[in-house]
Every structure is written in structure tokens, then in C-alpha cells.
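Each chain gets a letter, A, B and so on, in the order the sequences are listed, and its residues count up from 1. The structure presented is a predicted model; accordingly, all values stated were derived computationally and were not measured.
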Protein chains: 2
Amino acid sequence: MTKNGSCGPHGFHKKTIENVKKNVLKDDKINDLAMFFKVFGDPTRIKILYALYLSEMCVCDIATSLELSQSAVSHQLRTLKDTRLVKFRREGKVVYYSLDDEHVIKVLEQGISHITHN
Amino acid sequence: MTKNGSCGPHGFHKKTIENVKKNVLKDDKINDLAMFFKVFGDPTRIKILYALYLSEMCVCDIATSLELSQSAVSHQLRTLKDTRLVKFRREGKVVYYSLDDEHVIKVLEQGISHITHN
DNA sequence: TGTTCGTATGAGCATGTGTTCATATGTACA
DNA sequence: TGTACATATGAACACATGCTCATACGAACA
């Protein structure tokens, strides 16, 4: 990178740079986006999300069927809840979780589609 | 969670648990999926991906327009390249990067759609 | 109200991750 | 071949993150 801030002796990509500078997302949108995806970026959470994709479940059932500790599941559900990827309803002592959003499903499906090469 | 491994005095969610146990994704698929999404889960990489969504760019232009160090960009591009989210072509000294895959765009769009509440 | 069961939460720890700094690689061109 | 520029890479460090363990909260029910 040269002193004028673009490659090449005369900054031959100035237009590209200006265009990008003009159109980058605001910082808070960038952070929201990254936060949103980060939640998908953990094996445990993917397992949970996929389980909820199959059916609504309570904490205990998730822990049992995925062979995870209740605490680990609860911690992760908190994250998933905070980022609005799952919703819940209470029925007595039991709390049932389910996917909150159509986008969650679509994102999951795009991911699966990507890793299976088509 | 009770000794028989499901909630309630008599394990009243057995069917749900069996169903999930039968249909969970294999561990390697889970990991691939998580890995795939994890890459989207960082502000810097989102910025880069979004810039490449706007146009093909060389390393220097990315660094300049996003106000990042050349080294940071290069490191992140390596990650993006390794996970096949971007591709590149060399032209003399300059290396041009671009998005590799339709899924990348769709995932980004789903994410944007999610954070803007519709 | 005391007990039991389901869930939530905080502290602490081990591991992972992104950045910077320094330096290496690679290409063009005099 | 030597120099300049574009990019890549490795080490080191600061910070984030996910788990476990212990414990707290909350609802039902005797």
C-alpha cells in the first residue's frame, strides 16, 4: 500500500475504493451481522438448533438426546434466546424451546447446502 | 433430568428424544456447519465479505477502503480462502479476491434480512 | 411451608481467536 | 541482479468463549 492509500503508483483502483467506502455497512450493522452468525458458529449450538428444527423441546430433552449437560444446554439456550434465534414458552416447571424465525431455518439450510457442495 | 434420561416422572417425552437421537447430523457434518458459520461471525470478515459482495478487489484496496492493516486483511483472507468463501486470481503482483459461492451471498442476505427484522 | 424437579446463573479455568509486529515470499522492471 | 511493491506468514499477546461445578431460582404438590 502506497502513501496515497491505494495500490499502484497512481492509485489505479480509486473508483473501486470510493465505491466501497461509500457503501460499507454502518459499524453497528456489521456488528449485529457478525453477532448473528457467530451464534451459528459453534457445534453445540448447531446441534441444539438442528434438534429444535426437528421439534420443539424442553431443556432436559435437549440435554438427554444430544448427550450434553443440562448446564451447558441452558447456557447456550440463553445465548440463542438473547440473539432471538429461539423462543420459549413455559408450562409449569418445564420450558419448551423452538426456533424463533424463518431466517434461522433458511440460514441453516444454506449452510447445509454449502457444505454438501451444491 | 431423571435417572431414565428424560423429564417427568415417567419420561413423557420419550418419542421426541428418540426422534432427535435418530435424526441428529453426524458429528463431522455438525463441525463443518459450525466452521462454515464461524467464519461469518467476525466483524472484520463480514466487512471484507460485504466489500467483495460489492466488487472484486485486491488486498491493498480492501485494506485501504476498510481502514484495516494489510496484515490483518491478509490473515482473514487466508481464513476465507481456506473455507472456500472467496476465490482469487493473480495478475502480476496483485491478487484479486472475490466471493466464491452463491451460498455466501444468500447467507449474507439472510443475515441482513434477520437483523433488519423481516 | 417444605420438598422435589426443571431450569437458570455465576465463578473459574482451559482453549480458541484476531491483531500487531517483524519478516519472508514473489513478481515486475530498471 | 538489485530494488520496489504487493502479498503472505509466523510468533506473541490480549481478549473472548464454552465448559464444569456449585448453587440459586421457580413452580407444583404433599
Point to revise | Those residues that, when tested against N23(B), pass side-chain contact (heavy atoms from CB on, under 4.5 Å) (two or more places apart) | key: L54(A), N19(B)
Review point. Given atom NZ of K47(A) and atom P of dG18(D), what is their separation to the nearest angstrom?
Key: 14 Å
Exercise for review: For DNA chain C, determine which residues of residues 22-41 of chain B have any heavy atom closer than 4.0 angstrom to one of its atoms, and list them numerically.
Suggested key: K38(B)
Practice item. Not counting sequence neighbours, which residues clear side-chain contact (heavy atoms from CB on, under 4.5 Å) with I105(A)? List them please. Key: Y53(A), L99(A), E102(A), E109(A)
Exercise for review: Can you tell me the distance, in whole Å, between the CG atom of D82(B) and the P atom of dG18(C)?
Suggested key: 13 Å
Exercise for review: With sequence neighbours left out, write down each residue that passes ring-ring contact (aromatic ring centres under 6.0 Å, His included) with F40(A), or none if nothing qualifies.
Suggested key: F36(A), F37(B)
Check your understanding: Expressed in angstrom and rounded to an integer, what is the separation of R78(A) atom CZ from dT20(D) atom C1'?
Key -> 18 Å
Practice item. Determine whether K106(A) and V107(B) make a side-chain contact, defined as any pair of heavy atoms from C-beta on separated by less than 4.5 Å. Key: no
Check your understanding: Please, which pairs that meet salt bridge (charged side-chain N to carboxylate O under 4.0 Å, His left out) have at least one residue in residues 71-80 of chain B, sequence neighbours excluded?
Key -> R78(B)-D82(B)
Review point. Over how many whole Å does the gap from R89(A) atom CZ to dA27(D) atom P extend?
Key: 16 Å
**Study point:** Rounded interatomic separation in angstrom, taking CD1 from I48(A) and P from dC19(D)
**Key:** 8 Å
Check your understanding: Any salt bridge (charged side-chain N to carboxylate O under 4.0 Å, His left out) pairs touching residues 23-49 of chain B, not counting sequence neighbours?
Key -> none
Review point. Contact class for Y97(A) (heavy atom, under 4.0 Å): base, sugar-phosphate, or nothing?
Key: sugar-phosphate
Exercise for review: Treat primed atoms plus P, OP1 and OP2 as sugar-phosphate and everything else as base, then score nucleotides 19-30 of chain C 5' to 3': B for base contact with protein heavy atoms under 4.0 Å, S for sugar-phosphate contact only, - for none.
Suggested key: SBBB----BS--
Check your understanding: Among all residues two or more places apart in sequence or in another chain, which pass the side-chain contact (heavy atoms from CB on, under 4.5 Å) test with F88(A)?
Key -> K81(A), V95(A), Y97(A)
Check your understanding: For Y96(B) and dT7(D), is the shortest distance between a side-chain N/O and OP1 or OP2 below 4.0 Å?
Key -> no
Point to revise | Pairs satisfying side chain to side chain donor-acceptor pair (under 3.5 Å), at least one member in residues 83-92 of chain A, at least two apart | key: E56(A)-R89(A), R84(A)-H117(B), R89(A)-E91(A)
